[in-house]
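What follows is a single structure, written as structure tokens, with notes after it.
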Amino acid sequence: MLVLNGPNLNMLGKRQPEIYGRETLADVEKACRAEADRLGIKVEFFQSNHEGALVDRIQAGREANAAIVINAGAYTHTSVALLDALNAAELPVVEVHLSNIYKRESFRHHSYISPAAVGVIAGLGSHGYLLALQALSRLLAR
Ligand code: DQA
């Protein structure tokens with residue numbers, strides 16, 4: 001499975017900890033790897049602050065990956081390109097947000113990428129990534 005993180009998520013731990021918590025992206029990755037081991041699945045991680053780099057990674061992962069977990073950061077609310085890339089990948093996608101985007105500014109209430117997702121998890125912090133891995137592993141086992 002491919003776990004993608006978008007812009008500013010490399011700043012986790014330092015960035016608005018009152019919203020995003022004190023865990024770093026490396027901590028999130030470690031927890032995901034432990035969960036993946038438990039589930040018996042392989043995970044690849046990729047973070048970029050650049051929209052095109054995320055599109056490239058989704059395209060490159062089309063054959064090699066069975067599913068995608070994505071926290072697109074602010075591109076969630078702006079990127080038709082990411083929506084198109086996710087649709088073209090034809091893989092099950094779970095969209096994750098650390099914060100509850102519906103509790104925040106109204107511009108965060110709309111996600112361009114949700115139509116490409118089988119499910120969306122928001123507001124549960126880094127635990128959302130683990131729930132996404134569980135959900136996708138269960139979906140693929142059906
Ligand atoms: C986020 C929510 C987005 O609105 C924001 O731009 C982010 C992080 C989250 O994980 O809560 O960068 O995706």
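Indexing begins at 1, ligand by ligand and atom by atom, following the structure's order. Numbering of residues begins at 1 and proceeds along the displayed sequence.
When the side-chain hydrogen bond (donor to acceptor under 3.5 Å, both in side chains) test is applied to R33, the partners found at least two apart in sequence or on another chain are E29. The side-chain hydrogen bond (donor to acceptor under 3.5 Å, both in side chains) search around N65 returns none, not counting sequence neighbours.
Looking at E95 and S111, their side chains do bring a donor and an acceptor atom within 3.5 Å of each other.
Sorted by first then second residue, the side chain to side chain donor-acceptor pair (under 3.5 Å) pairs that include residues 77-87, not counting sequence neighbours, are E51-S79.
Using a distance-only test at 3.5 Å, with no hydrogens or angles considered, no donor-acceptor pair links the side chain of H50 to the main chain of P7. Put simply, the side chain of Y20 never gets that close to the backbone of K14: no donor and acceptor are under 3.5 Å apart.
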At less than 3.5 Å, what protein N or O atoms come close to the N or O atoms of ligand 1? Include the distances to 0.1 Å.
unit_1, atom_1, unit_2, atom_2, d
ligand 1, 4 (O), H77, NE2, 2.7
ligand 1, 4 (O), R108, NH1, 2.9
ligand 1, 6 (O), A74, N, 3.2
ligand 1, 6 (O), R108, NH1, 3.0
ligand 1, 10 (O), N71, ND2, 2.8
ligand 1, 10 (O), L98, N, 2.8
ligand 1, 11 (O), L98, N, 3.3
ligand 1, 11 (O), S99, N, 2.9
ligand 1, 11 (O), S99, OG, 2.6
ligand 1, 12 (O), R15, NH1, 3.1
ligand 1, 12 (O), R15, NH2, 2.9
ligand 1, 13 (O), N71, OD1, 2.8
ligand 1, 13 (O), H97, ND1, 2.8

